[in-house]
Amino acid sequence: MAKLKIAGTWSGVLEEVDLERMIISSLREEIAKRSNCENPHFINLICAGRILKEENGTLTLSQLGIKNNSKILATLSSPQQGHSLVVEEQSSQRLARIRAAATALAVRHADGSLPVEDFNIEVEDQSGQKVRLGSEIDQRAVMMGLMLHAKGKHLIKVGNYKDALEVLSMGEEAFSICDPKVIELIDNVPILQIDMVWCYFMLRDIRWLSDAGKRLEMARAGIERAHGKDSLRLRLLQGGRYPELALHLRLELLEGVVAFHTGQLEKSRQALASARAKFVQLQVPDEALSFVMSMGYNQRDTKRALRMNNQDVGGAIDFLVEEKAKKMQKMEEDLKRKEEIREQKRYGVTPLKKAVDLERLKELVTIGFDKELAAEALRRNENDTQKALDDLTNPEINSDLQVKIESRKRKRKKQATDSAIEKVVQMGFERSIVVAAFEAGGTLEEVLQKLTAQPETDPASAAERNSIAASHGSGSSSNPLPDDVGSDILDLMNEVEDNKKAEERDVEMEDELSADIAKGDALTDYDIEVTIEGEAITEYLSMVESAGSCEKMVTSN
């Protein structure tokens, strides 16, 4: 028997508590009775910073980690408050998952590790060229910051500004790890600052006012540094287009709002007037919209193209054609990368768990070395080309490499056939017959065709299959596949390995993060629908004028 110290709604000590038998609902009922609460469900129990919930089912207090003399806080809440607590906890857990998944993805995709997925996350510039920013730590931090920023923007899009602010704060923290010289090269951090202040504005939280002002100053300085004075560098990069207009509109609106609430009416008026001019500039004429859409483009893409080309119809059409070509090229590159990852998986990983560098492999193959042999040399030498060359030109080591390759092939084939046999046996086929079918040769599809071609109900067929199994030995699944094993069996082996690794990670959240990135492109950060901004500009200009009139009246009096 144990004692539990209770504080809150009822304060005291519960004597002789059987931790091995009592469950949460019983404890809640006991405390509700002592605190004169009619409904035990209104009692919230917190121990060691953790909310004790009914969903833990029949777990006893002992199984939940509650010990003798544990302190438990009991609070009384209404049903709405109880729901709010649960929602808060779920939100907290989800944010923790987002951080963990972003960290895991960044680590895997920044240091040359063999991807678990069939894609690679890589940093690109606005022209779509892959870039490597700074050291491995910088690259990892930038990747993590970009993923969290993308997730934050998605949360903003669905109106979840509170969680978006938390995720954006995580992104800001990730970017802060980078070398400042690396951060100065990109505009992602200033845009993230603007997005954070936008969340403050949408939450209508005046407490963030001073912080908002500082962030907007940093954002303006960062954008000018990345885009050049008057966006000249960006204009040059984008071929004379105006992708940044909507972003600057939002920045000026927020600057006007902060200036208004800090009593700087003239500064607010100027910022809001400039934002309004940009808002007018971004309004798409119906005639231009109809004309471009008549060429087969959808409304959203057409509006985006016209806004980013200052309503120029010719420029918008050129933009849409270019974007379509870029998407096609991206699809081809993605397919190519998937094939490369499949190839890398066949070669295994280096002692430090890195993938074989395919660019260095191509160099060795160009010289005249066998591809598999060169891959093994790079693998065992951590992708050091010179050391790999030394091994390949050394007859003794070269021979040893070939033995290793053959040994790994046999091992992988054995593992592949074991996995394939298990998969087919789970379909309901007899193990000895499945083993015999695989040993007879053929791809997984051909094996399945053989097995399904002869119904189990036919005694003669069953006997024939049993005799085939007997003629091939004991029916053990440890026999290796023949050399003509189909590539689909090896693919199955890779799938099994990936599934094993997936058990150790939060696949659902990682898929969410990667999907958020996949949906975006180089201009996503500038593609802002400015309807809310337009309404806010009108509202605050009216407030500025009203405040200015009152100020004049006071001065006159």
Side-chain angles (χ1 to χ4, degrees), residues 107-122 130 132 134-137 139-140 336-420 438-439 441 443 476-501 504:
V107 168
R108 284 207 305 277
H109 290 267
D111 66 355
S113 295
L114 186 65
V116 177
E117 310 86 352
D118 62 352
F119 61 84
N120 240 350
I121 299 173
E122 295 168 312
K130 294 176 179 59
R132 185 162 189 90
S135 66
E136 184 182 305
I137 293 175
Q139 186 83 351
R140 186 185 301 178
K336 182 182 176 184
R337 184 58 186 137
K338 285 180 182 180
E339 288 301 315
E340 288 177 346
I341 291 172
R342 283 161 62 94
E343 182 183 351
Q344 285 177 313
K345 287 181 177 180
R346 289 201 298 271
Y347 300 139
V349 294
T350 70
L352 293 178
K353 307 299 181 186
K354 302 292 189 291
V356 170
D357 190 313
L358 294 183
E359 290 301 319
R360 299 186 184 191
L361 178 60
K362 286 176 187 174
E363 292 173 12
L364 293 175
V365 172
T366 305
I367 297 172
F369 292 106
D370 175 75
K371 196 170 190 179
E372 282 196 82
L373 202 61
E376 177 60 18
L378 284 169
R379 187 197 67 77
R380 65 154 46 181
N381 288 290
E382 289 295 341
N383 289 311
D384 187 312
T385 306
Q386 187 54 54
K387 288 182 180 178
L389 263 173
D390 293 341
D391 285 355
L392 290 166
T393 52
N394 184 314
E396 187 177 338
I397 298 177
N398 189 301
S399 176
D400 181 54
L401 290 175
Q402 292 182 48
V403 171
K404 287 282 176 63
I405 291 170
E406 291 305 315
S407 173
R408 190 168 67 243
K409 277 184 179 179
R410 286 195 296 272
K411 183 180 178 183
R412 285 177 67 85
K413 285 177 181 179
K414 179 185 177 303
Q415 290 174 326
T417 189
D418 288 349
S419 298
F438 272 111
E439 289 177 348
T443 65
S476 167
S477 65
S478 63
N479 294 322
L481 284 176
D483 289 336
D484 64 348
V485 62
S487 62
D488 55 343
I489 303 291
L490 293 176
D491 290 343
L492 174 64
M493 181 60 202
N494 285 331
E495 181 185 327
V496 171
E497 290 175 354
D498 290 349
N499 289 339
K500 187 176 178 182
K501 292 176 184 176
E504 304 167 1

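Remember, predicted model here, so these are calculated numbers, not experimental data.
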So how far is it from Leu389 CG to Ile367 CD1, rounded to the nearest 0.5 Å? 5.0 Å
Within the supplied structure, the quantity of interest is the number of heavy atoms (other residues, nucleotides, ligands) at a distance under 6.0 Å from Ile137 CD1; does it exceed 12? no
With rounding to the nearest 0.5 angstrom, report the OG to CD distance, Ser407 to Gln402. 13.5 Å
Does Ile405 have any side-chain contact (heavy atoms from CB on, under 4.5 Å) partners at least two apart in sequence or in another chain, and if so, which? Glu372, Leu373, Glu376, Lys409
By salt bridge (charged side-chain N to carboxylate O under 4.0 Å, His left out), which residues pair with Lys371, not counting sequence neighbours? Glu343
For the atom pair CG (Leu378) and OG1 (Thr385), what is the distance rounded to the nearest 0.5 Å? 6.0 Å
Can you confirm whether Glu340 sits close enough to Arg337 that some side-chain heavy atom of one is under 4.5 Å from a side-chain heavy atom of the other? yes
What one should report as the nearest heavy-atom pair of Ala375 and Val356 is O-CG2, 4.0 Å
If a pair satisfies salt bridge (Lys or Arg N to Asp or Glu O under 4.0 Å) and one of its residues is in residues 383-399, list it, with sequence neighbours excluded. none
Among all residues two or more places apart in sequence or in another chain, which pass the side-chain contact (heavy atoms from CB on, under 4.5 Å) test with Glu382? Thr350, Pro351, Leu352, Lys354
Checking Asp400 now: which residues fulfil side-chain hydrogen bond (donor to acceptor under 3.5 Å, both in side chains) with it, not counting sequence neighbours? Arg380
Pairs under 3.5 angstrom only: tabulate donor-acceptor contacts from the side chains of residues 357-365 to other protein residues two or more places apart or in another chain.
unit_1, atom_1, unit_2, atom_2, d
Asp357, OD1, Glu359, N, 2.9
Asp357, OD1, Arg360, N, 3.2
Arg360, NH1, Asn383, O, 2.4

